[in-house]
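Predicted model, so just to flag it, every value in this text is computed and none were measured.
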Amino acid sequence: MPLVIHLDALLHERRMTLTELAGAVDLTLANLSILKTGKARAIRFSTLEAICVALDCQPGDLIRHVADDGETTDAE
């Protein structure tokens, strides 16, 4: 999968549980779990914004593009 979700790492860094995040962004635990495991096929910008606000992060901190060879690609 070329897009990797780093939700688990961000939650660990912020010392927040998935349940706490679900309450903060008003999403079900099941939907956040699908996102966390990388099984989500899409995410609404409003959901992405709410997660970023709750975790005090940027979208690029949460989602990374990984090339086929496993290298992380950055636009810098």
Side-chain angles (χ1 to χ4, degrees):
M1 179 178 186
L3 292 179
V4 178
I5 307 298
H6 295 284
L7 182 57
D8 206 24
L10 285 170
L11 286 170
H12 181 73
E13 288 174 12
R14 303 316 193 261
R15 295 185 177 153
M16 182 183 279
T17 66
L18 198 62
T19 303
E20 291 170 331
L21 180 62
V25 298
D26 197 30
L27 284 176
T28 66
L29 190 57
N31 283 339
L32 275 179
S33 182
I34 289 168
L35 180 62
K36 180 181 151 191
T37 59
K39 295 180 181 177
R41 302 286 292 163
I43 184 169
R44 292 177 189 257
F45 282 123
S46 59
T47 301
L48 181 60
E49 179 183 12
I51 291 171
C52 288
V53 167
L55 295 177
D56 189 29
C57 68
Q58 294 294 314
D61 299 331
L62 182 64
I63 303 170
R64 295 271 183 209
H65 180 265
V66 178
D68 290 336
D69 60 5
E71 293 286 325
T72 301
T73 57
D74 289 323
E76 298 179 317

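Residues satisfying the salt bridge (charged side-chain N to carboxylate O under 4.0 Å, His left out) test with D8, not counting sequence neighbours, are K36.
In this structure, L27 and L21 have side chains that are not in contact, with every pair of non-hydrogen atoms separated by 4.5 Å or more. Contact annotation: the side chain of L18 approaches that of L29 to within less than 4.5 Å [non-hydrogen atoms, C-beta and beyond]. Counting only heavy atoms from C-beta outward, the side chains of R14 and C57 approach each other to under 4.5 Å.
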Throw together a table of side-chain donor-acceptor distances under 3.5 angstrom for residues 40-56, partners on residues two or more places apart or in other chains.
none

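The side chain to side chain donor-acceptor pair (under 3.5 Å) pairs that include a residue from residues 21-34 are T28-N31, where partners are two or more places apart or lie in different chains.
With values rounded to the nearest 0.5 angstrom, L7 atom CG is found 10.0 Å from M16 atom CE.
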Problem set entry | I5 vs L35, side-chain contact (heavy atoms from CB on, under 4.5 Å): CA-CA, chis, key distance, verdict | CA-CA 7 Å; I5 307 298; L35 180 62; 4.2 Å; yes
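Connection of I34 to L10 is not established within any shared hydrophobic cluster, with ILVMFWY side chains joined at heavy-atom distances below 4.5 Å, either directly or through further cluster members.
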